[in-house]
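Taking it in order: structure first as structure tokens, then the write-up.
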Amino acid sequence: MGDDILSYNGGVALAMKGKECVAIACDKRYGVQNRTIATNFTKIFQYSDHCFVAFCGLATDVQTVSERLKFRTNLYELREQRKLKPVVLYNMLTNLLYERRFGPYFVFALVVGLDPKTGETYVYDSDNVGAVSDNVNLATVGTASEYIFGLGELFFKPNMNSDELFEATSQALLNGVDRDSASGWGAVVYVIEKDKITVRELKGRQD
Amino acid sequence: MALANVLGFKSNNEFDRSLQCQKTDNNIDEFCPTLNIENIAQFITLPPYADPAKYLKMVNEKVDRVKIQFLKGTTTLAFKFRNGVIVAVDSRATAGGFIASGEVKKVIEINPYLLGTMAGGAADCAFWERVLARHCRIYELRNKEKISVAAASKILANMIFEYRGMGLSMGTMIVGWDKRGPGLYMVSDDGERISDNIFSVGSGSIYAYSILDAGYKYEMSTVDAIDLARRAIVHAAHRDAASGNIVRIYHMKETGWEKIEEKDTNDYMYQYRDEKTMNF
């Protein structure tokens, strides 16, 4: 794996849009270079009823950034007395990451969300210093991101319903991680709809 | 070969296939000496300056951002027991983080009574073990007797030693059965050649060793030995990122080697989890 800091721990996450639903998925490996230490390290965190963020990269920064962001979102909800929206969340993340512009965190992030009233979907992709993409159909981050992007583009169709979206996301993730030695060992997929959030564990290759 | 002499026929050596007639092809002999496996060392071109070992070493260490690092990302193991030798390997090839292939054949069938394993550079292992196969065959023809494992592994070790320091990467185990019984030698690119009862080579060897050391008994039955080897590879495949995909197992018996199985490690992992011997 070399001495590349973003592949030191490995890991991958994928987000895809459907019709009034979004899916976000990640692998569950925690390892140190070639050694796999745990298979229960999920990289997806919830910040509001319909707002999720996945962080991939150095594991210590995944934990730190997710917790620091939670601190800020908690204060927001207390002060504003209202729940977070996805656009607000991604702005907070951008600021948090850019504060460390000259000594950055080594995490790349995916922000996904849904507006439960209008059904509008949001998928954003952030680099490690806070550059956020526009609202996109498909985004991946992590060591296997290139392999998953290819499969995701293949399986993606506009306006999929939640079952089709789940299938597309799962297949793209599971087959993509089989080409990367630093990701895999199981996966978890969240499908977020207006009225419910479904969490499913995928049976993946354990090598 | 009187007729050949009259015609001025000259052959380079007794195994030469390319026939050169001296009178008409005089110049050709000089410019294209026939490539055969005996003078192959001339054709593996070394860089055209003095002390290539010193310069080639730089290519393996990080100098000016150049670094070709052969990491032995694999798990191979072999152990002797009462009924012969069991050899088990995984089948994954990684290039950095990318899994280049999940179907590499890491056991090289040198001849029906000798096996070699592959770890490190695939080309190095495959090539030199094929040269070893040729030497073993010639020995057999000249001496009317099969070559011993000790001699075969020594031939390989000596060949590798000539290229020491030039960046060959091989961690191979030579397995066979000769008149002294089962034989197992580990030969590596730094010229090491040692014999023991249990060996494992590669990045996953640390995990395989723990399983092997915990369950090994010389008096094991064949079924238990195969199970131990399989478990060792499967556990290594689970923990080591650079090992996995398919497990291949061979059994070296007095009558030669037999391929036992070639199965997906992932299926075994879920089976062991149900049996509560693996946890994830």
Side-chain angles (χ1 to χ4, degrees), chain A residues 1-13 27-42 56-59 106 108 140-151 173-188 201-207, chain B residues 61-62 65-75 90-104 202-208 210 230-247 263-274 277-280:
Chain A
M1 305 210 188
D3 38 351
D4 178 19
I5 201 161
L6 286 167
S7 58
Y8 184 74
N9 293 121
V12 77
D27 72 324
K28 286 164 67 177
R29 179 180 183 260
Y30 168 58
V32 171
Q33 290 190 315
N34 273 339
R35 173 173 308 172
T36 304
I37 295 175
T39 54
N40 61 357
F41 186 65
T42 53
C56 277
L58 196 61
F106 296 106
F108 281 59
T140 65
V141 290
T143 49
S145 64
E146 281 113 26
Y147 318 128
I148 294 175
F149 245 130
L151 288 165
L173 187 82
L174 280 181
N175 292 298
V177 297
D178 285 346
R179 274 290 177 183
D180 179 31
S181 54
S183 327
W185 280 260
V188 72
E201 303 256 340
L202 299 180
K203 183 173 168 177
R205 285 192 68 93
Q206 298 291 327
D207 60 1
Chain B
E61 289 160 10
K62 202 167 180 181
R65 288 169 294 150
V66 167
K67 187 182 188 190
I68 299 178
Q69 202 189 42
F70 290 105
L71 299 162
K72 297 187 179 122
T74 184
T75 312
D90 76 312
S91 68
R92 181 174 285 186
T94 45
F98 177 63
I99 297 175
S101 169
E103 289 156 10
V104 177
S203 56
S205 65
I206 44 180
Y207 311 107
S210 18
R230 183 190 297 132
R231 266 177 212 276
I233 294 285
V234 169
H235 277 87
H238 180 57
R239 284 286 176 182
D240 182 30
S243 306
N245 293 89
I246 296 170
V247 53
K263 293 256 172 68
D264 194 327
T265 52
N266 191 45
D267 298 335
Y268 283 122
M269 287 175 201
Y270 280 100
Q271 181 192 319
Y272 294 155
R273 182 170 77 163
D274 292 336
T277 51
M278 203 164 194
N279 181 39
F280 56 79

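In what follows, chains carry the letters A, B, and so on, assigned in the order in which the sequence lines appear, proteins first and then strands, with residues in each chain numbered from 1.
A search for side chain to side chain donor-acceptor pair (under 3.5 Å) contacts involving A/Asn9 returns nothing, not counting sequence neighbours.
The CD atom of A/Gln206 sits 8.0 Å away from the CE atom of B/Met278 when rounded to the nearest 0.5 Å. Rounding to the nearest 0.5 angstrom, the gap separating the OG1 atom in B/Thr75 from the CG atom in A/Asp207 is 10.5 Å.
In this structure, B/Thr265 and A/Arg205 have side chains that are in contact, with non-hydrogen atoms separated by less than 4.5 Å.
Comparing B/Ala100, B/Ala236, B/Ser101 by how many heavy-atom pairs each has under 4.5 Å with chain A, the most go to B/Ala100. Among A/Thr36, A/Asp178, A/Thr39, the residue with the largest count of heavy-atom pairs under 4.5 Å with chain B is A/Thr36.
Judged by distance alone, the side chain of B/Arg239 and the main-chain N or O of A/Ile37 form a donor-acceptor pair under 3.5 Å. Checked by atom type and distance alone, the side chain of A/Ser181 pairs as donor or acceptor with a backbone atom of B/Gly97 at under 3.5 Å.
Taking every heavy atom of both residues into account, B/Asn266 and A/Gly204 meet most closely at OD1-O, 3.9 Å. The shortest heavy-atom contact between A/Lys203 and B/Tyr270 is CG-OH, 3.1 Å. Heavy atoms only, all atoms of each residue included: A/Trp185 and B/His238 are closest at NE1-O, 2.7 Å.
With a 4.5 angstrom heavy-atom cutoff, B/Arg92 touches chain A only via side-chain atoms. When heavy atoms are compared at a cutoff of 4.5 Å, B/Asn279 does not approach chain A at all.
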